[in-house]
*Asks:* 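Can you keep this structure in mind? I'll have questions shortly.
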There are 2 protein chains.
Amino acid sequence: MITLDLTLPDTRYPIHIGRGLLDQVELLLPHLPIPKVAIVTNTVVAPLYLVRLQKKLAEHDVEVTPIILPDGEDHKTPGNTESHFRRTAAWSLRTKNYADCPRGGVIGDMTGFAAACYQRGAPFIQIPTTLLAQVDSSVGGKTAINHPLGKNMIGAFYQPKVVIADTELLATLPTRELSAGLAEVIKYGLLGDASFLSWLEEHMEALLAQDPDALQYAIRRSCEMKANIVQQDEKESGIRALLNLGHTFGHAIETGLGYGAWLHGEAVAAGMVLAAAASAAMGWITADDVLRVETLISRAGLPIKSPDLGVAQWLELMGHDKKVESGTIRYVLLKALGHAIIQPGLPKSVMTKLLTGRHIIATEQSARQS
Amino acid sequence: MITLDLTLPDTRYPIHIGRGLLDQVELLLPHLPIPKVAIVTNTVVAPLYLVRLQKKLAEHDVEVTPIILPDGEDHKTPGNTESHFRRTAAWSLRTKNYADCPRGGVIGDMTGFAAACYQRGAPFIQIPTTLLAQVDSSVGGKTAINHPLGKNMIGAFYQPKVVIADTELLATLPTRELSAGLAEVIKYGLLGDASFLSWLEEHMEALLAQDPDALQYAIRRSCEMKANIVQQDEKESGIRALLNLGHTFGHAIETGLGYGAWLHGEAVAAGMVLAAAASAAMGWITADDVLRVETLISRAGLPIKSPDLGVAQWLELMGHDKKVESGTIRYVLLKALGHAIIQPGLPKSVMTKLLTGRHIIATEQSARQS
Ligand SMILES: NC(=O)c1ccc[n+]([C@@H]2O[C@H](COP(=O)([O-])OP(=O)(O)OC[C@H]3O[C@@H](n4cnc5c(N)ncnc54)[C@H](O)[C@@H]3O)[C@@H](O)[C@H]2O)c1
Ligand SMILES: NC(=O)c1ccc[n+]([C@@H]2O[C@H](COP(=O)([O-])OP(=O)(O)OC[C@H]3O[C@@H](n4cnc5c(N)ncnc54)[C@H](O)[C@@H]3O)[C@@H](O)[C@H]2O)c1
């Protein structure tokens with residue numbers, strides 16, 4: 001196991017990464033001031049890991065209330081958040097209690113938001129069970145739920161007390177979900193660490209085969225980079241926006257195709273290829289660099305071509321993205337592989353070329369199946 | 001006009017207090033990075049002040065979207081918060097926008113919470129129009145909405161960009177609401193400043209007559225004391241709890257009688273008398289001190305006797321109060337007039353005596369009308 005520390009102006013928490021950590025409840029216990037905890041998870045993850053965790057906690061006389069929500073992005077709603085409140089509150093109005101959640105990004109985002117709002121902040125613990133959640137969503141305190149008007153529209157910056165990333169839990173994860181997580185891992189290499197990018201090129205097969213050491217290193221390096229950026233800019237007023245590499249394009253894909261057609265990581269993957277192509281169009285990186293990006297993403301089992309939404313819809317969808325400030329779209333582009341920058345606006349000619357070019361394919365072909 | 005500064009680890013904002021500030025839009029403009037603002041208010045306050053503010057903003061080419069919500073505590077609900085999101089989002093998904101609200105504590109708490117959650121934080125401005133909101137709820141960043149399971153159950157700590165307390169706006173406030181605000185003003189004297197308490201004893205008639213200088217001083221001193229405490233303990237992990245003087249008892253009254261029967265300030269007033277009586281029972285203050293508290297509260301037009309809820313219901317209701325930690329009720333009591341402390345637990349004998357004693361009257365008599 002290795003432990004990273006994330007230090008912010010008014011909190012500090014450990015991120016434990018390793019194999020078999022779910023059974024090491026001593027990692028959780030110091031973060032439970034009272035021996036009562038709500039474990040929030042979903043119908044897919046509960047049968048896999050809930051009883052195991054519950055038993056371990058019971059050995060330490062920790063009273064557990066499971067809150068098992070339906071599976072999927074569709075359920076990251078105000079209604080289910082409300083159901084959190086109701087169940088947590090019904091269980092005990094007397095104390096602020098932990099919302100502790102072994103789960104993927106969906107349950108984590110929602111539980112984090114519920115914890116943030118419950119009595120203006122209940123302590124909570126993140127036990128991410130997808131690679132995406134282990135390298136991205138469980139670290140850094142972004143929490144949110146969806147709203148009919150937009151994804152992640154309602155949320156809070158709210159930090160967990162501890163993050164426990166057990167690589168063993170990924171064994172049951174569908175391959176497609178593993179690949180989706182790798183998109184975010186590749187993102188870290190692209191945005192800030194060329195040598196990590198090379199390491200990923202060397203170890204992609206090991207990662208896909210879930211070699212424990214490779215997984216632990218990839219998660220560790222990803223969390224290190226995320227923690228480093230979040231420490232500099234917790235509330236995303238500046239540099240944290242770099243973490244959105246591929247996301248402005250990616251969100252357009254997710255919205256354009258309707259949520260669920262592509263996984264978030266898949267959309268980010270194709271989005272990163274567009275960001276790379278845009279960077280090449282700006283003359284910052286070479287065509288060979290773009291090819292290198294495509295090759296790595298493709299080897300991770302991820303799409304490199306974006307759906308053809310039509311230039312007009314693309315632009316509109318990107319304008320609706322929340323990373324827009326005062327009317328100008330702020331793109332995250334690459335000055336070099338391993339060095340992302342924030343670029344306010346792009347020439348329309350570049351955008352048009354990009355969104356009609358070889359990185360776009362007809363929508364029919366682009367629908368992916370697991 | 002006088003201006004106080006509230007400085008926190010990651011933000012800092014001015015509190016302007018004075019006469020006629022609503023027309024001084026130059027106080028708002030620096031806090032509007034884009035010339036677009038949602039003004040959130042209610043059906044009572046809108047006809048009084050909305051058009052005036054809107055016109056002034058229009059002179060500076062600021063586009064205004066009014067969001068006018070129904071009046072009253074009953075409407076501080078998830079549904080109305082949702083309506084905020086929908087209207088703000090429908091109006092512009094493209095930018096983070098200001099939620100700017102001339103309003104009392106109800107709209108302020110709700111708008112603050114909506115602003116806290118909208119895209120994980122939209123900047124917002126507080127323009128409190130009740131005395132209670134000017135001296136208490138608009139300063140310090142506590143925001144919340146009610147939930148069927150409890151008052152202020154869902155909320156966030158989220159600070160405004162600026163607070164503008166225009167004493168002139170209180171002219172239209174019903175007398176009963178003015179008195180309710182004075183309860184919180186008296187609270188500051190009781191909890192931390194004996195000389196302010198004496199000042200209040202000398203100026204109670206001036207305050208009730210809305211003498212502008214007296215009002216400005218009372219608001220200023222209240223905000224100074226609140227800012228000072230919030231600066232030391234933004235998230236209420238310690239000393240901020242002192243601001244709950246009278247509130248543990250007060251919340252029990254509000255819940256016991258059903259919300260709306262008594263105003264918050266009225267319940268706090270009677271609650272402060274109980275806290276004083278409990279402090280006397282502990283031997284910390286004298287019977288004369290209690291009488292002094294009662295006299296001042298009574299002169300402010302506030303109740304000094306609590307309704308007879310029955311000891312059992314009292315205790316149960318106080319146990320449900322959110323200021324409970326790990327099972328022990330933390331009372332805010334007085335070591336002396338002007339010096340509050342946090343007391344974890346009280347002997348049951350003291351409580352029983354208190355809750356059956358002369359500060360309690362039969363519920364029938366205690367129902368107040370404006
Ligand atoms: N907060 C952030 O900073 C941040 C960052 C990126 C993404 N996100 C959010 O994360 C969400 C996506 O998260 P995700 O990719 O983890 O999706 P997810 O939570 O939906 O998990 C993906 C699927 O895998 C299943 N699953 C999870 N763990 C499993 C396991 N160990 N074994 C078998 N099945 C398992 C889930 O039930 C689900 O069906 C999105 O809502 C996105 O907005 C948030
Ligand atoms: N956030 C905090 O720290 C904090 C502290 C104390 C109280 N509160 C909350 O504040 C709320 C009570 O606030 P309040 O007492 O301001 O109640 P309120 O907002 O309901 O206002 C009281 C009444 O006066 C009316 N009104 C407001 N301004 C007026 C004006 N200038 N002229 C004429 N009528 C006017 C309102 O429409 C309402 O009918 C409660 O919800 C309470 O929980 C919050």
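The chains referred to below are lettered A, B, ... by the order of the sequence lines, with proteins before strands, and numbering in each begins at 1.
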*Asks:* What residue, out of A:A144, A:P9, A:A116, A:A156, has the most heavy-atom pairs lying under 4.5 Å from chain B?
*Replies:*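 Maximum pair count with chain B is reached by A:A156.
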*Asks:* Taking atom CG of B:D10 and atom NZ of A:K235, what is their separation to the nearest 0.5 Å?
*Replies:*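 Answer for the CG-NZ pair, B:D10 versus A:K235, is 4.0 Å.
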*Asks:* Kindly compute the distance separating OH (A:Y158) from CZ (B:R120), expressed to the nearest 0.5 Å.
*Replies:*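 It comes to 15.5 Å.
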*Asks:* In Å and rounded to the nearest 0.5 Å, what is the CD to CE distance from B:Q119 to A:M153?
*Replies:*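 Nearest 0.5 Å value for the CD-CE distance: 5.0 Å.
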